[in-house]
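What follows is a set of notes on a single structure, which appears directly below.
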Amino acid sequence: MNIRSATFQISAPDLASCPDSELPEFAFIGRSNVGKSSLLNMLVGGKALAKVSTTPGHTKLINFFSADRRWSLVDLPGYGFAKTSKMERDRFQQMIAEYLTGRANLACVFVLIDSRHTPQQIDLDFLQWLMNESAPHALVFTKTDMSKPNRVKENIDLFEAEISAWGRETPVVFTSSAKTKSGRPQLLEFIEHTLRCN
Ligand SMILES: Nc1nc2c(ncn2[C@@H]2O[C@H](COP(=O)(O)OP(=O)(O)OP(=O)(O)O)[C@@H](O)[C@H]2O)c(=O)[nH]1
Ligand SMILES: [Mg+2]
């Protein structure tokens, strides 16, 4: 699949303010700084649509981008950013949970995981919650340019073993690098396939 045009639509502070749209939506979630905004930009062809920052906790609202007026990409704030106040953290959590459980046109949630690390409890907890909510999802192991391929594979295997221990099937797994653009064709093909099945 090729994206011919991608544009910023709107930022929403809560579910009620999200655009009234029936276009299938693909959302990007994961720990703060995992590379959600960078991956979104990489997918739409390198345009700096979503704001990227070295400071964690950069994305604070639900940001909507439209691709070819056919589907949407949604950049969400990260979870687990220790430096924000508890109140702000709770607000983020509520905003994310409300969106992920209440959005009718949500086609898939991409759960981003930093491929440099062994499984982190916060990612496992989030994924378990998402699975219990039965939200459609896929995993994306990000920043693969930053470690040796063997290390990336080891970390993915460890993560999958944790999921198996819950008695759950492993979701679809992708790897990506916003730097080298690796993973882009696979992710776009998956999106195209999901759009066709929707
Ligand atoms: N080398 C490398 N750096 C990356 C990659 N993806 C993101 N980064 C860097 O990681 C930092 C965070 O990227 P963002 O895309 O802003 O991360 P985010 O998950 O949107 O962060 P928040 O909005 O704060 O939750 C930036 O400095 C990016 O340049 C990648 O694939 N490879
Ligand atoms: Mg971001």
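The model shown is predicted, which means the values in this text are computed figures rather than measured ones.
Residues Thr118 and Asn155 have side chains that never bring a donor and an acceptor to within less than 3.5 angstrom of each other. For Asn105 and Glu25, the side-chain atoms include at least one donor-acceptor pair closer than 3.5 Å.
Sparse packing is recorded around CZ of Arg151, with 12 or fewer heavy atoms of other residues, nucleotides or ligands lying under 6.0 Å away. Within a 6.0 Å radius of CG in Asn2, no more than 12 heavy atoms belonging to other residues, nucleotides or ligands are found. The number of heavy atoms from other shown groups lying within 6.0 Å of CD (Glu192) is above 12. More than 12 heavy atoms of other residues, nucleotides or ligands shown are found within 6.0 angstrom of CD on Gln128.
To the nearest 0.5 Å, the span separating CG on Leu40 from CG on Asn63 amounts to 9.0 Å. Here the straight-line distance linking atom SG of Cys18 with atom CD1 of Ile62 works out to 4.0 Å at 0.5 Å rounding.
The aromatic rings of Phe64 and Tyr99 stand perpendicular to each other, their planes meeting at an angle above 60°, with 30° marking the opposite boundary.
Between the side chain of Lys36 and the main chain of Arg31, a donor-acceptor pair closer than 3.5 Å is present.
Nearest heavy-atom pair, Leu49 versus Val44, reported as atom, atom and distance to 0.1 Å: CD1-CG2, 3.8 Å. Smallest separation of non-hydrogen atoms from Val34 and Asp114: CG2-N, 3.5 Å.
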Inset, instruction - Dump the intermediate steps for ring-ring contact (aromatic ring centres under 6.0 Å, His included) on Phe141 and Phe174, then the final yes or no. - result: CA-CA 6 Å; Phe141 288 84; Phe174 297 96; over 10 Å; no
